[in-house]
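Inspection log for the structure reproduced underneath, given as structure tokens.
Please read all numbers here as calculations on a predicted model, not as lab measurements. Naming convention: chains lettered A, B, ... in sequence-line order (proteins, then strands); numbering from 1 in each chain.
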Protein chains: 2
Amino acid sequence: MKLSKKGEYALRALIDLGIAAEVDRELVQVAELAEKELIPIKFLEQIMQEMKAAGLVVSQRGKFGGYRLSGPASEISIGSVIRLIDGPLAPIGCVSHTVYEKCSCPDETHCGLRMLMLDVRNAIAGILDRYSLADVVDVTTRKMKRNNIPLPFSESRHPPSGSARCRLLPSRGARATVPLEQRLAPVEGLLSNLLPDYTI
Amino acid sequence: MKLSKKGEYALRALIDLGIAAEVDRELVQVAELAEKELIPIKFLEQIMQEMKAAGLVVSQRGKFGGYRLSGPASEISIGSVIRLIDGPLAPIGCVSHTVYEKCSCPDETHCGLRMLMLDVRNAIAGILDRYSLADVVDVTTRKMKRNNIPLPFSESRHPPSGSARCRLLPSRGARATVPLEQRLAPVEGLLSNLLPDYTI
DNA sequence: TCTAAACCAGATTGATTTGATAGGAATTAA
DNA sequence: TTAATTCCTATCAAATCAATCTGGTTTAGA
């Protein structure tokens with residue numbers, strides 16, 4: 001039931017880009033992401049390109065280039081990222097909604113294992129498809145603020161001259177995400193449990 | 001988030017042994033299990049030995065030997081089987097309860113991904129540790145009965161002479177498992193949903 | 001125009017895991 | 001004694017994973 005390193009790296013990088021967007025940092029270079037997250041730079045480069053091809057991020061080439069999210073973090077579900085990098089969420093192919101695959105068992109309709117794994121799949125997807133990148137970013141930045149840890153990416157790394165620069169991203173103003181409080185109340189051990197802010 | 005073939009085979013074999021116990025079949029040979037479940041026999045042999053070493057099943061060597069569950073199916077949790085064969089249930093090491101492993105991220109306490117994955121781990125473990133082999137066997141046999149499908153393993157494959165044979169297993173009489181109805185009510189897509197028997 | 005910084009692209013590699021096979025040794029019922 | 005079965009160990013091929021290497025192309029700015 002593992003998430004691959006690649007998937008982990010992809011998500012960590014996306015979360016960073018989400019934080020960067022939050023603090024109006026328009027571009028982040030692969031090198032900076034890799035350094036902060038302790039990810040092999042060339043490997044991350046590969047991953048970023050995969051995500052670019054999928055439309056999750058956009059890039060600016062050339063000197064002082066970098067990556068940013070292609071749109072609001074609230075519209076990227078965690079599940080979709082994992083599906084992109086690691087494939088279906090389902091533990092076995094015969095319960096996958098996105099990439100169903102017939103299994104070798106003689107009678108699928110009377111397979112108790114399948115029934116159980118369907119529940120597991122639904123539990124996983126129920127979490128990973130419900131929460132967006134914005135939610136994870138939100139939770140992360142809140143916790144950092146609460147603990148007086150400065151948010152990363154506040155300073156552009158290479159602003160060669162001094163001060164005001166044109167923004168690549170239109171200001172999104174207030175976050176567009178539906179606040180967590182208004183969502184389906186979690187049952188057990190959800191993000192909320194980790195954050196006294198959210199009382200359910 | 002995959003369950004390995006090995007894990008799948010292990011569970012399918014255990015479910016079969018559970019059904020076998022239910023119909024008072026005392027021993028099942030690897031060959032029979034493999035044939036029924038379309039599992040490569042030599043591979044299953046290996047798996048059975050691993051499970052034997054872990055104490056999940058016991059074997060009878062020699063002619064007309066075979067395997068059976070070492071105890072009541074109600075005392076084998078699905079989670080423990082998967083942990084044995086595939087390792088921890090957690091998607092990443094830093095949220096594993098059984099085999100914690102420090103992850104490479106710079107600040108574990110402010111890692112949003114980790115918080116999320118902890119929830120995923122809890123969701124998975126919440127299912128797989130809650131349900132026992134007996135539950136899965138139960139659900140399977142009920143469905144088969146409802147659809148008038150004869151339970152497998154009703155006939156011992158090699159009863160060379162005719163009729164009554166001494167039982168290796170003491171009759172367990174009524175099942176010792178706590179019925180599903182009395183358990184924690186599931187929220188979404190649990191086994192119950194697949195079985196109109198259980199109305200929640 | 002030149003150059004350094006950055007992304008882009010594809011091939012390659014090495015380690016590990018997965019899924020399986022092979023061949024026989026030990027055990028046991030008949 | 002024989003046949004059927006588990007037990008044991010070794011080996012293997014393919015896939016996947018995680019990463020690296022090499023060399024491009026694009027771009028901002030001096």
Side-chain angles (χ1 to χ4, degrees), chain A residues 1-10 12-13 17 26-35 37-54 57-68 85-87 92-93 103-104 156-162 165-166 168, chain B residues 1-10 12-13 17 26-35 37-53 57-68 85-88 92-93 103-104 156-162 165-166 168:
Chain A
M1 321 293 272
K2 288 278 165 295
L3 177 72
S4 73
K5 281 283 169 203
K6 197 171 168 189
E8 186 192 322
Y9 293 164
R12 298 230 301 260
L17 290 185
E26 62 265 42
L27 287 172
V28 186
Q29 292 99 13
V30 173
E32 191 173 356
L33 290 170
E35 186 184 318
E37 297 289 344
L38 304 172
I39 300 172
I41 183 168
K42 278 298 196 181
F43 194 23
L44 183 56
E45 222 174 52
Q46 238 184 76
I47 295 166
M48 295 309 294
Q49 277 172 65
E50 233 172 287
M51 293 201 287
K52 185 199 151 139
V57 298
V58 292
S59 68
Q60 168 95 5
R61 295 185 70 167
K63 201 171 182 183
F64 307 131
Y67 287 91
R68 60 178 171 84
I85 302 289
D86 276 3
I92 47 181
C103 89
S104 69
S156 192
R157 195 175 243 193
H158 293 294
S161 56
R165 313 183 52 205
C166 70
L168 288 180
Chain B
M1 323 291 273
K2 288 278 166 295
L3 177 72
S4 73
K5 281 282 169 202
K6 196 170 167 187
E8 186 193 321
Y9 293 164
R12 296 229 303 261
L17 289 185
E26 63 264 38
L27 286 174
V28 186
Q29 291 104 11
V30 173
E32 191 173 357
L33 291 170
E35 185 184 320
E37 297 290 343
L38 303 173
I39 300 171
I41 183 167
K42 278 299 199 176
F43 193 22
L44 183 56
E45 217 175 58
Q46 254 182 60
I47 296 166
M48 295 309 293
Q49 276 172 66
E50 235 174 283
M51 294 201 286
K52 185 200 152 141
V57 298
V58 294
S59 69
Q60 169 93 2
R61 296 185 70 168
K63 197 170 184 181
F64 305 131
Y67 287 91
R68 59 178 171 84
I85 303 289
D86 277 2
I92 46 180
C103 87
S104 69
S156 192
R157 197 173 242 196
H158 293 292
S161 55
R165 311 184 55 205
C166 69
L168 289 180

Report the distance from atom [atom1] of [X] to atom [atom2] of [N], rounded to the nearest whole Å.
X: B:Glu8; N: C:dT18; atom1: CD; atom2: C1'; result: 13 Å
X: B:Glu50; N: D:dT9; atom1: CD; atom2: P; result: 13 Å
X: B:Gln60; N: C:dA26; atom1: CD; atom2: C1'; result: 14 Å
X: B:Ile39; N: C:dA20; atom1: CD1; atom2: P; result: 9 Å
X: A:Leu44; N: D:dT20; atom1: CG; atom2: C1'; result: 14 Å
X: B:Leu27; N: C:dT27; atom1: CG; atom2: P; result: 18 Å
X: B:Arg68; N: D:dT6; atom1: CZ; atom2: C1'; result: 15 Å
X: B:Glu45; N: D:dA10; atom1: CD; atom2: P; result: 16 Å

side-chain N/O A:Lys42 vs D:dC21 OP1/OP2, d < 4.0 Å
no
Candidate list B:Leu33, B:Leu38, B:Ile47, test side-chain contact (heavy atoms from CB on, under 4.5 Å), partner B:Tyr9, passing option
B:Ile47
Check: B:Glu37 and B:Leu44 side chains under 4.5 Å, non-hydrogen atoms:
no
So do A:Tyr67 and A:Leu17 actually touch side chain to side chain, heavy atoms under 4.5 Å?
yes
Please pick, from [options], the nucleotide with the shortest atom-to-atom distance to any side-chain atom of [X].
X: A:Gln46; options: C:dA30, D:dT26, D:dT20; value: D:dT20
X: B:Lys52; options: C:dA6, D:dC7, C:dA4; value: D:dC7
X: A:Ser59; options: C:dA6, C:dC7, C:dA25; value: C:dC7
X: A:Gln29; options: C:dC8, C:dC7, D:dT6; value: C:dC7

Does the base of D:dC8 carry an N or O that pairs as donor and acceptor with the side chain of B:Gln49 under 3.5 Å?
no
Can you tell me whether the side chain of A:Arg61 and the base of D:dT25 have a donor-acceptor pair closer than 3.5 Å?
yes
Looking at every heavy atom in both [X] and [Y], which two are closest together, and how far apart are they?
X: B:Glu50; Y: B:Lys6; value: OE1-NZ, 2.9 Å
X: B:Ile85; Y: B:Ala10; value: CG1-CB, 4.0 Å
X: B:Leu27; Y: B:Gly65; value: CD1-C, 4.0 Å

Tabulate atom names and distances for all N/O pairs under 3.5 angstrom spanning the protein and nucleotides 12-18 of chain D.
unit_1, atom_1, unit_2, atom_2, d
D:dA18, OP1, A:Lys5, N, 3.4
D:dA18, OP2, A:Lys5, N, 3.2

Main chain of B:Pro88, side chain of A:Lys2: is a donor-acceptor contact present, judged purely on distance under 3.5 Å?
yes
